[in-house]
Amino acid sequence: SHAIDEEPGLPSYEIMLHHALTVLNDPEGVVPKNLFAWIAVHYPVQSNFRPSASQALQKAFKRGRFEKTKDGKYRLNHAWEGGTVSTRHL
């Protein structure tokens, strides 16, 4: 199959990223490459998963599920309640 998306049977990249952020649980946030490294160890992802995971990270951030610090680290947004629209209007 030519699916560029997730492998069947695997959770979405957003779920994996959420899992990584939950387990790593760094209040300062985690750089993407460390998130991807954690995912590569804990999930049977394909070796070229990073662009897709990176896209998922951006999407989740835009939806307000993750926060991004000034130095480009990510952490969970604990105010997020599952909506698609960020309540912070810039």
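Heavy atoms only: backbone and side chains are in, while hydrogens, waters and symmetry mates are out.
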For the [atom1] atom of [X] and the [atom2] atom of [Y], what is their distance to the nearest 0.5 Å?
{"X": "Y13", "Y": "L57", "atom1": "OH", "atom2": "CG", "value": "13.0 Å"}
{"X": "F49", "Y": "Q46", "atom1": "CZ", "atom2": "CD", "value": "10.5 Å"}
{"X": "K62", "Y": "K68", "atom1": "NZ", "atom2": "NZ", "value": "9.0 Å"}

(request) Could you check L21, T22, I15 and say which one makes a side-chain contact (heavy atoms from CB on, under 4.5 Å) with H18? (result) T22
(message) What I'd like to find out is whether the side chain of R63 reaches to under 4.5 Å of the side chain of W80, using heavy atoms alone.
(response) yes
(message) Applying salt bridge (charged side-chain N to carboxylate O under 4.0 Å, His left out), can you list everything that pairs with R65, at least two apart in sequence or on another chain?
(response) E14
(request) With sequence neighbours excluded, tell me which residues meet side-chain contact (heavy atoms from CB on, under 4.5 Å) with S47. (result) none
Enumerate donor-acceptor pairs with a distance under 3.5 Å from any side-chain N or O in residues 24-45 to protein atoms, sequence neighbours excluded.
residue: D26; atom: OD1; partner: E28; partner atom: N; Å: 2.8
residue: W38; atom: NE1; partner: H42; partner atom: ND1; Å: 3.4
residue: H42; atom: ND1; partner: W38; partner atom: O; Å: 2.9
residue: Y43; atom: OH; partner: H19; partner atom: ND1; Å: 2.7

